[in-house]
Number of protein chains: 2
Amino acid sequence: MGKRATIQDIAQKSGYSKTAVSFAFNAPEKISAEARDRILCIARELGYSPDPMARNFSKGRHMAIGFLLPQNPDKALGNPYTQAVIAAIAEVCQENGYVLSIIPPFRSSIPEAVKNAPVDGLITMGLYVDRNIRDALRGRCLPVVSIDGLEEDGFPSVGIDDEAAGYLQMNKVLGHGHRDIAVVSLPKTAYGKSKSDVTRRREAGYERALAEAGMSLSSILMVESSASYSGGKEAADRILSDHKPSCIVTMADIAALGVISSLSSRGISIPEDVSVVGFDGIEHTAGPVLSTIVQSASEKGRLSASMLFSAIGDDSLVTERKHIGFAFQEGATLRRIYGY
Amino acid sequence: MGKRATIQDIAQKSGYSKTAVSFAFNAPEKISAEARDRILCIARELGYSPDPMARNFSKGRHMAIGFLLPQNPDKALGNPYTQAVIAAIAEVCQENGYVLSIIPPFRSSIPEAVKNAPVDGLITMGLYVDRNIRDALRGRCLPVVSIDGLEEDGFPSVGIDDEAAGYLQMNKVLGHGHRDIAVVSLPKTAYGKSKSDVTRRREAGYERALAEAGMSLSSILMVESSASYSGGKEAADRILSDHKPSCIVTMADIAALGVISSLSSRGISIPEDVSVVGFDGIEHTAGPVLSTIVQSASEKGRLSASMLFSAIGDDSLVTERKHIGFAFQEGATLRRIYGY
DNA sequence: GGCAGTTACTAAACCGGTCAAGTAAAATCT
DNA sequence: AGATTTTACTTGACCGGTTTAGTAACTGCC
């Protein structure tokens, strides 16, 4: 790895000043065509192109935005829905000439990750913002957009109306005649501990739907699991060690796939013996189409990234929660109980 | 967005020098406990933490490595296998205190993306390195590791023995009695035009397997498609407009899923009517287990990232191709033709 | 011919840290 | 007690660009 030529080298060799070289690359109109040609020619000869670090430093911009992982990459990126959101964000980054950085916790610390992230803005997803994280974010003076975050966090946020979505999900299940229901919910640790996080909002929706059917939350079995394939499997095992419900409702498609895998391996057929309902709307899973709540990953990603870039651009950021749409997808994994 | 405090501000307010402040943060042993406490206290008060850009600039490191996308994010990240590799790379990045940047083409130009990428090293995957890209890479003086690249590119490379894998894949198909075979291969544009790229190596393996069965490459239908769900669907459509083969072999699982979707929607059952074989070994697809060649995404990602970090560390990089293992996965989508 | 405006360029400040070299005072050694 | 080492800190160069403020030469105008 030889060392690179610097703007100085080009200036010297061409007989022009550093400024002239800079102009040759960035502001052709501020320099004569003759000088420009000469400089660019010598630059090509020496294999010079402006150092992105130095350029970014002097411009005060990183030309990168960050996607802050609330957990280790294997966990956080193990969810296809998260990956789909990231893909959408990456798309918007490209349109803006930016790069997307995946920011994992730094030595197990999210605040440290925030302090060191070489980015101009951050997108969080499913992050519970505690005091330390908040301080780190404030300390960076960076625009932040949260996906599935809390309004109370004070950041602009993108998400769905989780209460309504929870209601719709449970309402569909009840409408199909199910009464013996188990729910695979999300872990408190990763998605927040405060009262109005995603899980709580969805649970509120469940409660409302159940109430309309004369039931209550306490009448269903509720287990926590990470939003992952293995988490879903384990959750199913725990549920089945209790009893076999007629429907298992999950808060993440990837967990639903794990549930399905666990059921299948026990010879339990879906949806005949046990129905399964997911949440998210991940794609390309082959097999039976999952009955699930669909919330567009690309819409979530694109909208959050757009909001972030407009904040980076004009320095004004609304602290508002924007809702995107959602819908129930009739799949093959939810059975209608006849005679109900 | 107020402006951040600088090291100067802390120095002034605390009565110490910039260096002392720097030491307080980075080299506690070079400063008295008293001074350290005082400085850190004032820093906390003013919400100061060292600016990562300035720190990186003066250290000459970005603390980021890049994953160079050969196509737009939606295409490149639409493949679950790619995402799994990225997740594995991100894992290694975390262990090294680095960040992983997704580098899309910059205004449709990969060389421009390379020139501007704020990273200390690059990993490419399935990239065809033309002259311009090579020059850009050389110009950056960055360590590069290629996944599924060419030996001729001169970069250290990670991949499987694609000839052997192609042979194994086709051999299994032939061994199951299939003779009417269609292949969904990868696009030349994205994966290379030169003779010994991934596609060509696998084709060579096909040819060898076919030859052993007294057949040749020309006796099978070969269509190109992008390594994507929709690409697989379209490829299946093109194949079926020709005739209905007994087995469709693909070079990417995600394309196989697209093929399956196309077949299913026509009422063609798998594997009874048409068998499908994939390549990669993506996970969590629910549905029938795909018969496929499994090459560990996490091994590929981890190995390539490890190689890159060792190059970043000690400045010595072998220009060697490392092979990881692969295996055939007996799934439910490949039918044995009895009486053969 | 003198003045304003334009063109083409340059010198030097600046971004915010790190770090090598240097200094003064205190501690240790002989 | 004087020489040496150690401790605790500071000064200032440096990373490689961008950008502001300027200058000198040239152009156009009356």
Side-chain angles (χ1 to χ4, degrees), chain A residues 1-40 42-43 46-63 115-120 139-142, chain B residues 1-40 42-43 46-63 115-120 139-142:
Chain A
M1 300 291 130
K3 60 176 73 76
R4 308 181 52 182
T6 73
I7 200 172
Q8 266 299 7
D9 301 333
I10 307 305
Q12 231 136 49
K13 186 138 188 178
S14 69
Y16 288 95
S17 66
K18 285 191 340 177
T19 310
V21 178
S22 180
F23 284 164
F25 278 89
N26 308 311
E29 75 282 3
K30 291 189 178 175
I31 203 175
S32 68
E34 182 195 13
R36 202 181 99 95
D37 289 348
R38 183 166 162 64
I39 288 170
L40 290 184
I42 287 177
L46 271 64
Y48 169 82
S49 70
D51 182 78
M53 174 113 75
R55 167 181 279 182
N56 289 343
F57 177 57
S58 81
K59 291 211 159 199
R61 289 180 319 170
H62 293 269
M63 299 308 285
K115 282 181 192 158
N116 292 307
V119 299
D120 296 323
R140 281 299 301 272
C141 298
L142 289 179
Chain B
M1 303 288 131
K3 62 176 72 77
R4 306 182 53 183
T6 73
I7 200 171
Q8 265 301 5
D9 301 333
I10 307 305
Q12 230 137 50
K13 187 138 188 178
S14 68
Y16 288 95
S17 66
K18 284 192 337 177
T19 308
V21 177
S22 181
F23 285 163
F25 278 90
N26 307 311
E29 74 282 1
K30 291 189 178 174
I31 203 175
S32 69
E34 183 195 12
R36 202 181 99 94
D37 288 349
R38 184 164 161 64
I39 288 169
L40 290 184
I42 287 177
L46 271 64
Y48 169 81
S49 70
D51 182 78
M53 173 113 75
R55 167 180 278 181
N56 290 343
F57 176 57
S58 81
K59 291 211 159 200
R61 292 179 317 171
H62 294 269
M63 299 308 286
K115 282 182 193 158
N116 292 306
V119 298
D120 297 322
R140 280 301 299 273
C141 298
L142 288 180

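The sequence lines fix the lettering, A, B, ..., with proteins before strands; numbering per chain opens at 1.
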Query raised in the report: D/dT18 base to A/T19 side chain: any donor-acceptor pair below 3.5 Å?
Result: no

Query raised in the report: So, the side chain of A/D37 versus the backbone of A/E34: is there a donor-acceptor pair under 3.5 Å, distance only?
Result: no

Query - B/Q8 CD - C/dG17 P separation (whole Å) - result: 9 Å

**Report entry** Value in whole Å for how far the P atom of D/dG16 lies from CZ of A/F25
**Finding:** 15 Å

Report task. Check whether any side-chain nitrogen or oxygen of B/S17 sits under 4.0 Å from OP1 or OP2 of D/dT10, and answer yes or no. Result -> yes

Query - Polar side-chain contact B/S32-D/dT7 base: donor and acceptor under 3.5 Å - result: no

Report task. Using whole Å, report how far CG of B/D51 lies from P of C/dT18. Result -> 10 Å

**Report entry** Shortest side-chain distance from B/K59, nucleotide among C/dT18, C/dA11, D/dC9
**Finding:** C/dT18

Requested in this report: Go through D/dT10, D/dC15, C/dC9 for me and flag the one nearest to the B/A20 side chain.
Outcome: D/dT10

Query raised in the report: To the nearest Å, how far apart are B/M53 CE and D/dT18 P?
Result: 13 Å

Report summary line: Closest of C/dG17, D/dT18, D/dC9 to the B/A35 side chain is D/dC9

Requested in this report: Select from A/N26 and B/K30 the residue whose nearest nucleotide in DNA chain D is closer to the 5' end of that strand.
Outcome: B/K30

**Report entry** Nucleotide D/dG16, atom P - distance to CD of A/Q12 in whole Å
**Finding:** 13 Å

Report task. Output yes if the stacking criterion (under 5.5 Å between centres, under 30° between planes) is met for A/Y16 over the base of C/dC9, else no. Result -> no

Query raised in the report: Does the base of C/dG16 carry an N or O that pairs as donor and acceptor with the side chain of B/K18 under 3.5 Å?
Result: no

Query raised in the report: Whole Å only: how far is the CD1 atom of B/I31 from the C1' atom of C/dT18?
Result: 14 Å

Query raised in the report: With stacking defined as ring centroids separated by under 5.5 Å and planes differing by under 30°, is B/F57 stacked against D/dC15?
Result: yes

Requested in this report: Confirm from the modelled atom types if B/T6 and C/dC15 form a donor-acceptor pair under 3.5 Å, side chain to base only.
Outcome: no

Requested in this report: Report the nucleotide, chosen from D/dG17, C/dG17, D/dT19, that has the shortest atom-to-atom distance to any side-chain atom of A/F23.
Outcome: D/dT19

